[in-house]
Number of protein chains: 2
Amino acid sequence: MSRLDRSLISGLPLFQGIAPADLDVIMQQARSLRIPKGDAIFEQEEEAHSFFLLLDGYARVVKHTPDGQQVIVRYISAGELMGIAQALGRKTYPANAIAVVDCVVLAWPGQLWSEFAARFPSFGAGTYNTVGARLNDAQTRFVEMSTEQVEQRVANTVLRLANQTGKKTEDGLLIDFPISRQDIAEMTGTTLHTVSRLLTAWEERGLVKSGRQRVTVVEPHRLMLLAEGRVEKS
Amino acid sequence: MSRLDRSLISGLPLFQGIAPADLDVIMQQARSLRIPKGDAIFEQEEEAHSFFLLLDGYARVVKHTPDGQQVIVRYISAGELMGIAQALGRKTYPANAIAVVDCVVLAWPGQLWSEFAARFPSFGAGTYNTVGARLNDAQTRFVEMSTEQVEQRVANTVLRLANQTGKKTEDGLLIDFPISRQDIAEMTGTTLHTVSRLLTAWEERGLVKSGRQRVTVVEPHRLMLLAEGRVEKS
DNA sequence: CGGTCTCTTTGCTGCCTAGCAACTTGCACG
DNA sequence: CGTGCAAGTTGCTAGGCAGCAAAGAGACCG
């Protein structure tokens, strides 16, 4: 394991207002892990032994249903906490986390969470803001699933991903990690076939460009109108 | 306003381990409100001035979509906290809360939340357990919406409500507050017509009994099988 | 550079369930 | 005790989208 320097985390909002000496203390107790693309960071039902900070890469949070289907709950970007079951009094992780690309994560033993939160109030508050945002997000997506049809849901999801991770290219906003039609289907409660048809239709209208494991939003504004159901469907 | 005694809250899990004298302090800062059936306790987008404890009754948490549809996010039972936006760093309430029957709530000014959490760690931890449970619930329902068809979703929802609030009657478990077909539809992303058809079909098979604003689960076990999709549909 | 595997596209069919409309039931209120 | 309204029921139709199947397109590997 390499030496862990506080500079890895000192720029993150979560650690603002914590003294450099304290950051060193925090880092001393962290382990750094490299997770190859496709490997699990933690798994559903597993005992929550650690909590994690994603330093680099992207991770996918996935829930499995009893009958073997899977649903993508969210994507995690670099700088975000994950696996914070302890903060919510849970004994096990509620989902799987899979590295979408090669990732670097920091891991701390679970019982340290409450210690950190007590010693560094801004850390605790920051975590709970994250939790609040995720709860809000989960409910928003539940409302979407309840009230919108597939095309609007897929449009909303693509827009969210582009906003969360989009990299500017000459064509538009490119989603920054490999994402298949199947992945988008698992986020929106549809099938890869339907997603494929939609992306093709959108591409013909100039809204997006897409290819193998790749989606670029060309015209966010028009796609947003479509997501809101205020224009003709494909 | 009537005198507020600590006995109103001393039995709740949330306040276990807090000294009677401290409970008195907590109660001194509370206002007690009676909310008639149908009135709002707080509203979506409104500034989060208070947080609440439902002392008696049931409340419905509802989100409105921009185009005027509404979705029922959850029901709150007596003894639960609600409107704890402050705990998650939110400035406004994320949804409406409506009294489903005449309710009694305690309200505290929002800024007291962090004070309580700091002085009474078990209170803070209890809140976050609640938040964790709600996040988990929201994600579970999202997965259901993604992977199950209407009949299974309605079955799951009716079972959850019966478990959460069910009163034993000679027929079975009766959901303890008035709930219409439309309400169930708004929890499951379907229409009142479909809910009506399902309840009728279930009643013919002896799984439930239902009437105007009333649902009784007669055979939870068989309904559960149906919810899991392991038996023939109606 | 060819073979293979995964991802993607696309046509066709069928079913679930939304949407509409008309009718019935039951509760509340004067 | 009748009247009115909200809640519930039910038949019919249509459409959105899943499911299946087969072919096409990249990417990776030896």
Side-chain angles (χ1 to χ4, degrees), chain A residues 36-38 65 67-69 71-72 100-101 144-155 157-158 175 177-205 208-216 226 229 232-234, chain B residues 36-38 65 67-72 100-102 144-155 157-158 175 177-205 208-216 226 229 232-234:
Chain A
K37 172 175 176 172
T65 64
D67 56 317
Q69 296 186 77
V71 174
I72 299 180
V100 183
V101 294
E144 276 179 14
M145 284 291 303
S146 299
T147 62
E148 297 175 357
Q149 18 200 71
V150 170
E151 181 163 25
Q152 299 174 46
R153 301 204 302 265
V154 174
T157 298
V158 168
I175 295 175
F177 49 81
I179 183 166
S180 69
R181 308 291 183 261
Q182 174 72 33
D183 294 334
I184 297 176
E186 286 176 8
M187 298 185 75
T188 51
T190 179
T191 62
L192 78 166
H193 309 279
T194 299
V195 173
S196 175
R197 281 184 249 266
L198 288 172
L199 288 177
T200 304
W202 294 348
E203 185 141 14
E204 279 165 6
R205 294 165 60 189
V208 302
K209 292 199 178 191
S210 73
R212 198 186 173 84
Q213 311 237 68
R214 197 173 46 71
V215 178
T216 306
L226 210 165
E232 82 290 355
K233 313 248 288 288
S234 299
Chain B
K37 172 175 176 171
T65 63
D67 57 316
Q69 295 185 78
Q70 63 175 40
V71 175
I72 299 179
V100 183
V101 295
D102 291 345
E144 276 178 15
M145 283 293 301
S146 298
T147 61
E148 296 175 358
Q149 9 201 76
V150 171
E151 180 162 25
Q152 298 174 48
R153 300 203 304 264
V154 174
T157 298
V158 168
I175 294 175
F177 49 80
I179 183 167
S180 68
R181 308 290 184 262
Q182 174 72 33
D183 294 334
I184 297 176
E186 287 175 8
M187 297 185 76
T188 51
T190 179
T191 62
L192 78 167
H193 309 280
T194 299
V195 173
S196 175
R197 281 184 249 266
L198 287 172
L199 288 178
T200 305
W202 293 349
E203 185 140 14
E204 279 165 7
R205 294 165 60 189
V208 303
K209 293 199 178 191
S210 73
R212 197 186 175 82
Q213 312 237 70
R214 198 174 45 72
V215 178
T216 306
L226 211 164
E232 81 291 355
K233 314 248 288 288
S234 299

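As the structure is a prediction and not an experimental result, all values here were calculated from the model. Naming: A, B, ... by sequence-line order, numbering from 1 per chain.
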(request) Could you check how far CZ of A:Arg153 sits from C1' of D:dA18, rounded to whole Å? (result) 12 Å

(message) How many whole angstroms separate atom CD of A:Glu148 from atom P of D:dC17?
(response) 12 Å

(message) So if I take the C1' atoms of five pairs at each end of the helix from C:dC1-D:dG30 to C:dG30-D:dC1 and get each local axis, what angle do the two axes make, rounded to 10 degrees?
(response) 50°

(request) Take the protein atom CG of A:Leu198 and the nucleotide atom C1' of C:dT8, then report the distance between them rounded to whole Å. (result) 14 Å

(request) If a pair satisfies salt bridge (charged side-chain N to carboxylate O under 4.0 Å, His left out) and one of its residues is in residues 182-195 of chain B, list it, with sequence neighbours excluded. (result) B:Arg60-B:Asp183

(message) Between A:Glu151 (side chain only) and A:Leu198 (backbone N and O only), is there a donor and an acceptor less than 3.5 Å apart?
(response) no

(message) So if I define the base as every atom that isn't primed, P, OP1 or OP2, how would nucleotides 23-30 of chain C read as a B/S/- string at a heavy-atom cutoff under 4.0 Å?
(response) ---BS---

(request) Kindly state which residues belonging to residues 188-197 of chain B come within less than 4.0 angstrom of DNA chain D, counting heavy atoms of the residue only, listed by number. (result) B:His193, B:Ser196, B:Arg197

(request) Look at the side chain of B:Ser196 and the backbone N and O of B:Leu192, then say whether any donor-acceptor pair between them is shorter than 3.5 Å. (result) no

(request) Quick one: closest heavy-atom pair of B:Arg153 and B:Gly189, and the distance? (result) NH2-O, 3.4 Å

(request) Rounded to the nearest angstrom, tell me the gap between atom CD in B:Gln149 and atom P in D:dG19. (result) 8 Å

(message) I'd like to check the salt bridge (charged side-chain N to carboxylate O under 4.0 Å, His left out) partners of A:Glu148; sequence neighbours left out, ordered by chain and number.
(response) none

(request) Starting at atom CD of A:Glu203, determine the distance to atom P of D:dA25, rounded to an integer number of angstrom. (result) 15 Å

(message) According to side-chain contact (heavy atoms from CB on, under 4.5 Å), who are the partners of A:Arg214, at least two apart in sequence or on a separate chain?
(response) A:Leu174, A:Thr216

(request) Can you see which heavy atom on B:Met145 is nearest to which on B:Thr188, and at what distance? (result) SD-O, 3.5 Å

(request) Could I get the full list of side-chain contact (heavy atoms from CB on, under 4.5 Å) partners for B:Thr191, not counting sequence neighbours? (result) B:His193, B:Thr194

(message) Please check this pair: side chain of A:Gln152 against backbone of A:Leu226, looking for a donor-acceptor N/O pair closer than 3.5 Å.
(response) no

(request) Using side-chain contact (heavy atoms from CB on, under 4.5 Å) as the criterion, list what pairs up with A:Thr65, not counting sequence neighbours. (result) A:Asp67, A:Gln69, B:Val143, B:Thr147

(message) Using whole Å, what does the distance between atom C1' of nucleotide C:dT17 and atom CD of B:Gln152 come to?
(response) 14 Å

(request) Please report, rounded to the nearest Å, how far the P atom of C:dC15 is from the CD atom of B:Glu151. (result) 17 Å

(request) Nearest whole angstrom, please: distance from the P of D:dA7 to the CD1 of B:Ile179. (result) 13 Å

(request) Measure from the side-chain N and O atoms of B:Asp102 to the backbone N and O of B:Lys37, and report whether any donor-acceptor pair falls under 3.5 Å. (result) yes

